[in-house]
Amino acid sequence: MAGKPEPGGSGAGRPGAGESGAGRSGAAASGTGEPAAGKPGAAETAPASSTGERRPGRLRRLGRLARREARRSVLAAVSGLALGFAFPPFGVWPLSLAAVAALALLTHGRTARQGAWTGFAFGLPFFLLLLKWLSVVGWDAVVGLSVIEAAFLALMGAGLALVSRLPVPALWPLWTACLWVTEEWARDRAPFGGFPWGRLAFANTGTPYTPLAALGGAPLVTFAVALTGGALASAVLVLWRLRGAGSLSPRGVLPAAGAVVVCAAVTAAGFAVPIPTAADDSVDIAVVQGNVQQAGMDFLGRPMMILNNHVKATLDLAEDVKAGRIAKPDLVIWPENASDLDPFQYREAYARIDEAVKAIGVPVLVGALVDHPTKQGYVQNQGIVWDPRSGPGASYTKQHPVPFGEYVPFRRQLSKIITRLQRVPRDFYPGDHTGVLKVGPARLGDVICFEVAYDEIVRDTVNAGARAIVVQTNNATYGRSGQPEQQLVMSKLRAIEHGRPVITAATSGISAVVSPDGTIEQRTKEFTQDVLTARIPLRDGTTPADRVGAIPEWVLAMVGVLSCAAAIMIGRRGRMDEKGQ
C-alpha cells in the first residue's frame with residue numbers, strides 16, 4: 001500500500017528494524033512473505049476487488065520486491081565477500097565473525113522467504129570469491145558450483161529468519177550457531193557426496209578457536225565461530241534498540257554485556273584445550289615435489305614427463321645422501337599422480353620408478369593412476385608402497401573421487417550438452433577401505449587430495465591405526481590460484497584435530513610438513529622442483545575428537561533443525577490464536 005512500510009522495507013538497512021520478535025503478526029509471522037488477509041496490505045494481494053482493480057503483474061511485483069530488498073541484498077553481498085576474504089589466500093579470519101554477525105542481523109525478524117533470499121545474496125558472492133580458482137576449468141563452472149552451494153545458505157537464511165522469532169532472545173546466538181553446523185553438515189554430503197569447501201572451521205585454522213578441533217573436530221570449531229558471531233549480533237541488536245528508544249540504562253545494557261561475555265568465553269575456551277604433541281616414536285622422511293610442465297588443464301605435458309621429474313629429484317636426493325650432505329631418510333613420499341602412466345601397464349614407467357626407489361634404498365609411497373583390474377574403462381587413483389627389494393606392494397585407492405573432475409555423473413546425457421566433459425575420458429573407481437599403509441618403519445594414513453576436506457575419511461584413517469597423516473595431492477591445475485593455500489590450511493586443522501603430523505606431498509606445490517600442533521614447519525614454493533626432509537613424530541594416542549566421531553556434528557545439526565521446527569509450530573499457533581480472536 002502506498003505510504004505504508006512493507007515488512008523489512010523502510011528499515012531494510014537497520015538490524016531488526018520494525019521487528020518485534022516472537023509472536024509478531026502479519027506478513028512476518030506468516031512466514032510466507034505475503035500480508036495476511038484482513039491485515040494492512042491485504043488489498044495488494046487480493047485477486048480482484050469489487051471496484052474492478054486488477055492484481056499487479058508478476059514482473060511488477062518482482063520489481064517492487066527487488067526495490068524493497070535492494071539495500072539489504074547489497075549488505076548481504078558485501079558480508080558474503082567479507083567471509084570470502086577470511087579464507088586463504090587472504091586469511092583475514094576475524095572477518096568470519098563479522099560475516100556471521102551480519103547475516104544474523106540481516107535475517108533477524110524477517111519472513112522465511114525473505115531470509116532465504118538474503119542467505120542466497122550472501123552465499124553467491126562468497127562462493128564466487130572462494131572458488132574463483134575453478135575459472136581454470138571455466139567461469140561457468142565457478143558460477144554453477146557457486147549457485148549450488150549458495151542454495152544451502154539460502155536454506156540457512158530461511159532458518160535464521162525463523163529462529164530469530166523464538167522466545168528467549170538470549171538463546172538466539174545458540175540457534176544461529178547450530179544452523180551454521182546444519183548447513184555445513186548438508187553441504188558435506190550432498191549432492192554427489194558433498195563439497196565441504198568454505199566451512200567456517202577452514203577459515204579458522206590458526207585462531208583461538210582452532211584447538212577446539214581436538215574435542216569435536218571441524219564442526220565444533222564452526223559452532224564456536226558462529227556462536228561468537230551470533231553473540232556479537234545479539235549485542236549489536238540490543239544496543240541498536242536502546243539507541244532507538246533513547247535510553248541506555250545499565251539494566252537495558254545488561255543483555256548486550258552478557259552477549260559480549262559469551263563472545264569472550266567462547267573465544268578463550270580454545271586456550272584451555274590441551275594439544276597433545278609428545279611423540280611415541282619418530283621417523284625421518286623425505287617429500288619429493290617433482291614439478292610439472294605448466295599450470296592449468298594441460299599440466300601433464302608429454303607422457304612420462306612428470307614421472308621423470310620425480311625420478312630425477314629422487315636420484316638427486318640419493319646422490320646427496322651418498323655424499324653425506326643429507327641424512328638418509330627412512331622413507332620417501334611422492335605426490336598424487338607422480339606417475340602419469342600406469343606402471344603395471346607401461347614397462348618404462350615401472351622401470352623408472354624401480355630405478356629411483358633402488359637408488360634411494362628405502363620404501364617410497366608412489367602416487368599413480370592405475371587401470372582397474374576387473375572393470376574395463378575405469379581407473380584408480382592410488383598410493384602404492386614401493387619397496388627397493390620387493391617392488392610394489394600394498395596400496396590405497398582414493399575413496400572419494402571428485403565429481404566432474406575424476407568422474408562424470410550422468411555421463412551419457414551430460415556429455416552431449418557439455419562437450420568439455422569429454423576431457424574426462426575415464427571415470428575413477430572409488431576405493432573401499434582406509435589408507436593405512438606400512439611404509440618402512442612407519443604406519444602412515446594416506447588420504448588423497450580433496451579427501452582431506454572430509455571429516456570421516458581422515459578420522460576413519462586415524463582410528464584404523466595411522467600414526468601420521470599423508471596428503472598426496474596434485475594441485476597443478478589450480479596453481480597460483482589460491483586453491484593450494486585453501487587446501488593446506490585444512491592440513492593444519494587435521495593435525496590438531498587428530499594430534500598427528502600431516503605431510504602434504506604435491507606435484508607442483510604446496511608441499512609441507514605440519515606438526516601436531518598445527519605449525520607449518522616447512523613448505524615449498526609452487527612450480528619448483530624441491531625436496532623436504534624432516535623428522536616427524538609418530539603418535540598412537542587418539543584425541544577426544546577421534547573417539548566421539550561425528551556425534552557432536554549430528555547433535556548440533558539436529559538442534560538447528562529442531563529450532564526451525566519449533567519456530568514454525570509457534571508461528572502457526574500464533575496465527576490460530578489470532579483467528580480465534
Side-chain angles (χ1 to χ4, degrees), residues 87-89 127 130-137 141-142 144-146 148-149 152 184-199 201-203 205 217-218 295 297 299 333 335-338 367-369 379-383 396-409 424 427-432 434-435 445-462 469-479 481-495 497-498 502-512 514 526:
F87 288 80
F127 282 110
L130 182 77
L131 304 178
K132 61 183 178 60
W133 43 266
L134 261 179
S135 60
V136 175
V137 178
V142 179
L145 182 56
S146 296
I148 293 171
E149 297 299 297
F152 289 92
E184 292 185 359
W185 172 89
R187 282 202 300 113
D188 187 31
R189 292 163 172 81
F192 307 118
F195 185 68
W197 232 257
R199 299 166 75 178
F202 295 154
T205 61
M297 294 290 289
F299 69 89
I333 300 169
E336 176 190 26
N337 301 159
L369 299 181
V379 65
Q380 294 175 310
N381 192 349
Q382 289 191 338
Y396 165 68
T397 300
K398 186 176 183 180
Q399 301 174 69
H400 200 301
V402 178
F404 302 103
E406 294 176 326
Y407 76 97
V408 179
V424 185
D427 289 340
F428 284 40
Y429 199 85
D432 58 4
T434 62
D446 190 18
V447 297
I448 296 179
C449 203
F450 282 18
E451 288 186 328
V452 70
Y454 295 88
D455 296 344
E456 67 280 2
I457 290 179
V458 185
R459 182 173 57 242
D460 290 348
T461 301
V462 171
I469 300 169
V470 171
V471 181
Q472 291 182 292
T473 187
N474 175 16
N475 295 323
T477 299
Y478 310 113
S481 68
Q483 188 272 347
E485 288 93 339
Q486 291 176 8
Q487 187 173 319
L488 178 60
V489 297
M490 298 177 192
S491 294
K492 293 179 60 177
L493 185 77
R494 298 307 182 196
E497 179 180 357
H498 303 291
V502 179
I503 300 91
T504 298
T507 50
S508 59
I510 304 169
S511 300
V514 183
E526 291 191 71

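These figures come from a predicted structure and were not determined experimentally.
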What distance do [X] atom [atom1] and [Y] atom [atom2] have between them, rounded to the nearest 0.5 Å?
X	Y	atom1	atom2	result
Phe127	Ile148	CZ	CD1	11.0 Å
Leu493	Arg199	CG	CZ	8.0 Å
Phe404	Leu145	CZ	CG	10.0 Å
Leu488	Ile510	CG	CD1	5.5 Å
Gln380	Glu406	CD	CD	12.5 Å
Gln399	Asp432	CD	CG	8.0 Å

Which heavy atom of [X] sits nearest a heavy atom of [Y], and at what distance?
X	Y	value
Leu134	Tyr478	CD2-OH, 3.9 Å
Val514	Ala495	CG1-CB, 3.9 Å
Thr397	Tyr429	CG2-O, 3.7 Å
Thr461	Gly435	OG1-N, 4.1 Å
Ala476	Ser508	CA-OG, 3.3 Å
Ala338	Thr507	N-CG2, 4.5 Å

Side chain of [X], backbone of [Y]: donor and acceptor closer than 3.5 Å?
X	Y	value
Arg494	Ala453	yes
Asn337	Gly367	no
Gln487	Pro484	no
Asp455	Ile457	no
Glu149	Arg187	no
Gln486	Leu130	yes
Glu526	Gly479	no

Do [X] and [Y] touch side chain to side chain, with heavy atoms closer than 4.5 Å?
X	Y	answer
Leu369	Asn381	yes
Phe192	Tyr407	yes
Tyr396	Ile448	yes
Val462	Ile469	yes

**Asked** Run the side chain to side chain contact (heavy atoms under 4.5 Å, CB included) check on Asn475 and Cys449 step by step: do they pass?
**Response** CA-CA 8 Å; Asn475 295 323; Cys449 203; 4.2 Å; yes
**Request:** Could you tell me if the ring centre of Trp197 sits under 6.0 Å from that of Phe202?
**Result:**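 When the ring centroids of Trp197 and Phe202 are compared, they turn out to be at least 6.0 Å apart.
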**Request:** Classify the ring geometry between Tyr454 and His400 as parallel (under 30°), tilted (30 to 60°) or perpendicular (over 60°).
**Result:**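 Taking His400 first and then Tyr454, their aromatic rings lie parallel (interplane angle under 30°).
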**Request:** Test side chain to side chain contact (heavy atoms under 4.5 Å, CB included) on Val458 and His498 and set out the steps.
**Result:** CA-CA 9 Å; Val458 185; His498 303 291; 3.5 Å; yes
**Message:** Closer than 4.0 angstrom, basic N to acidic O: yes or no for Glu456 and Arg459?
**Reply:** no
**Message:** Less than 4.0 angstrom from a charged side-chain N to a carboxylate O is my criterion; do Lys398 and Asp446 meet it?
**Reply:** no
**Item:** Test log, rule side chain to side chain contact (heavy atoms under 4.5 Å, CB included), inputs Ser146 and Leu131
**Value:** CA-CA 7 Å; Ser146 296; Leu131 304 178; 4.2 Å; yes
**Asked** Under the side chain to side chain contact (heavy atoms under 4.5 Å, CB included) criterion, do Val471 and Val502 qualify, and how do the steps go?
**Response** CA-CA 7 Å; Val471 181; Val502 179; 3.9 Å; yes
